[in-house]
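Let me give you the structure first, and then I'll get to my questions.
Chain letters run A, B, ... following the sequence lines, proteins first and then strands; every chain starts at 1.
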Protein chains: 2
Amino acid sequence: MPKWAYIQCVPRAATTSDVFNAIAEPRRRQIIDVLGHSGEMPVGELVLAVGLTQPAVSKHLSVLREVGVVAVERRGRERVYRLNGEGLKTVHDWVSVFERYWSNQLNRIKQRSESLARTSKGAPRNEKGTP
Amino acid sequence: MPKWAYIQCVPRAATTSDVFNAIAEPRRRQIIDVLGHSGEMPVGELVLAVGLTQPAVSKHLSVLREVGVVAVERRGRERVYRLNGEGLKTVHDWVSVFERYWSNQLNRIKQRSESLARTSKGAPRNEKGTP
DNA sequence: TGAATATATGCCCATTTTGGCATATGTCAA
DNA sequence: TTGACATATGCCAAAATGGGCATATATTCA
C-alpha cells in the first residue's frame, strides 16, 4: 500500500453517552462497585464512599444514568441510586469475544493455529479489497 | 449525613495507561476488533481498515501498546501489530462480577432477593463506619 | 550512496472532561 | 411560611485527548 491517499476523516468520534466511556473513569467504576454490592444508596452516602464533593458525585451519577448503568428513585428528599447491571452487558459481550486469549492453554494453542492458518493459506490479512 | 465536610479531593484521576480508558475510544476498539479476527496486521493496512490518517492510527496503537493490549514485531520496514487479548482480561474480570444482572431470570430473581435481604436485615447500605 | 517506503513523533488547535464553588430546585418539618 | 436538608446545575479553570500536518527515523532497493 504505497500511496496513503490521506482519507477524508470524520470530524470527531462520539465519546459521550457510551458505556465504554462511562466506565473509563475510575471514580465511576468505584461508584458502580459500591452500588453493586450494597444494592442501593442515596447520593449522600455515595459521597462518603467515594470521597468526592457532592456535585462531583452527582455529575458522575448523571453520566452513569445517561448510559443506563444506574437508575434513580426519588425517596423523600433523597435520590436513591441503584445499579442497573444490564447496562454493562454491552461491555461484557464485547470483551467476551476475546475470551479465547486467556481462558486456558488449550484454547490459546487452538487460537494460535487458527491465526497461522489464516495468515498462511486462506485469507492472509486481507481486509480491504486487494485481489 | 447532614454536614458535608467537603473532603479533601485528590488532584486528578489518572486516566491514561489504563485498559478501561484505552477501550473507551471507538477507534481503538475498532482496531482491536480488526486485529482480533485478522491475526496480525501492519500499520499501513490498519490505516485503510479504520479510515484515519497514519499518524492517528500510530498514536492509537501506541496507547494500546502501552496498556498491553497489542504487541508489535518489526518485520522488514513494517511494524506488524497483533492483538494481545490477555490485556483485556482485566476488563472481562471486572464486568463479569455483574453478570448476575443479565444472565437469566432465575439469577435476576435471586439477586433481587439478596438485595432485599441486605437492605432490610443484615447490612443495610453501610459502607462507611456508622454503627 | 540515494531514493522510496513504512512508522513514529513533535507541534498546534479544537474539544472534552473533571472537579470545585456557588447556587437553584425540591422536600420535609416546625 | 420559614428554615434545614438533599441533589442537581451552571460557570470556571486546569488538564487531557484526538486529529491533522510536517518531519524525523528506520529500512529496503537500485
Please step through side-chain contact (heavy atoms from CB on, under 4.5 Å) for the pair A/V63 and A/R28, ending with a clear verdict. CA-CA 9 Å; A/V63 173; A/R28 286 196 285 261; 3.8 Å; yes

On the nucleotide C/dT17, are OP1 or OP2 found under 4.0 Å from the side-chain N or O atoms that A/H60 carries? no

Looking at NE2 of B/H37 and CD1 of B/I32, how far apart are the two atoms once the value is rounded to the nearest 0.5 Å? 14.0 Å

Please step through side-chain contact (heavy atoms from CB on, under 4.5 Å) for the pair B/V43 and B/V47, ending with a clear verdict. CA-CA 6 Å; B/V43 181; B/V47 168; 4.2 Å; yes

Would you mind reading off the distance between A/M41 atom CE and D/dA6 atom C1', rounded to a whole angstrom? 16 Å

Rounded to the Å, how far apart are A/L61 CG and D/dA6 P? 16 Å

Taking only N and O in the side chain of B/T53, is any of them less than 4.0 Å away from OP1 or OP2 of D/dG19? no

So B/R27 and B/H60, side-chain hydrogen bond (donor to acceptor under 3.5 Å, both in side chains) or not? Walk me through it. CA-CA 8 Å; B/R27 263 36 208 275; B/H60 282 310; over 6 Å; no

side-chain contact (heavy atoms from CB on, under 4.5 Å) with B/V72: which residues, sequence neighbours excluded? B/R65, B/R79, B/Y81

Residues at least two apart in sequence or cross-chain that pass side-chain hydrogen bond (donor to acceptor under 3.5 Å, both in side chains) with B/K59, listed by chain then number, are none

Cationic N near anionic O, under 4.0 Å, A/R29 to B/D18: yes

Atom CG of A/L64 and atom C1' of C/dT18: how far apart are they, to the nearest Å? 14 Å

What integer distance in Å separates B/I31:CD1 from C/dT7:P? 13 Å

Checking A/D93 now: which residues fulfil salt bridge (charged side-chain N to carboxylate O under 4.0 Å, His left out) with it, not counting sequence neighbours? A/K89

Restricting both atoms to N or O, compile the protein contacts to nucleotides 25-29 of chain C shorter than 3.5 Å, with distance only.
| from | atom 1 | to | atom 2 | distance (Å) |
| --- | --- | --- | --- | --- |
| C/dG26 | O3' | A/R74 | NH2 | 3.1 |
| C/dT27 | OP1 | A/R74 | NH2 | 3.4 |

Give the rounded distance in Å between these two atoms: CZ of A/F20 and C1' of D/dT17. 19 Å

Tell me: CG of B/L52 to P of C/dA8, nearest whole Å? 14 Å

Quick check on DNA chain C: between A/R28 and B/V57, whose nearest nucleotide comes earlier from the 5' end? B/V57

Taking the side chain of B/Y81 as its heavy atoms from C-beta onward, which of C/dA8, D/dC21, C/dG20 lies nearest to it? C/dA8

Output a table of nitrogen or oxygen pairs between the protein and nucleotides 9-12 of chain C separated by less than 3.5 Å.
| from | atom 1 | to | atom 2 | distance (Å) |
| --- | --- | --- | --- | --- |
| C/dG10 | O6 | B/K59 | NZ | 3.1 |

Send over the distance from B/R29 CZ to D/dG18 C1', rounded to a whole Å. 15 Å

Could you state the atom-to-atom distance from CD of B/E66 to C1' of D/dA16 in whole Å? 14 Å

Residues in ring pair (Phe, Tyr, Trp, His ring centres under 6.0 Å) contact with A/F98, at least two apart in sequence or another chain: A/W94

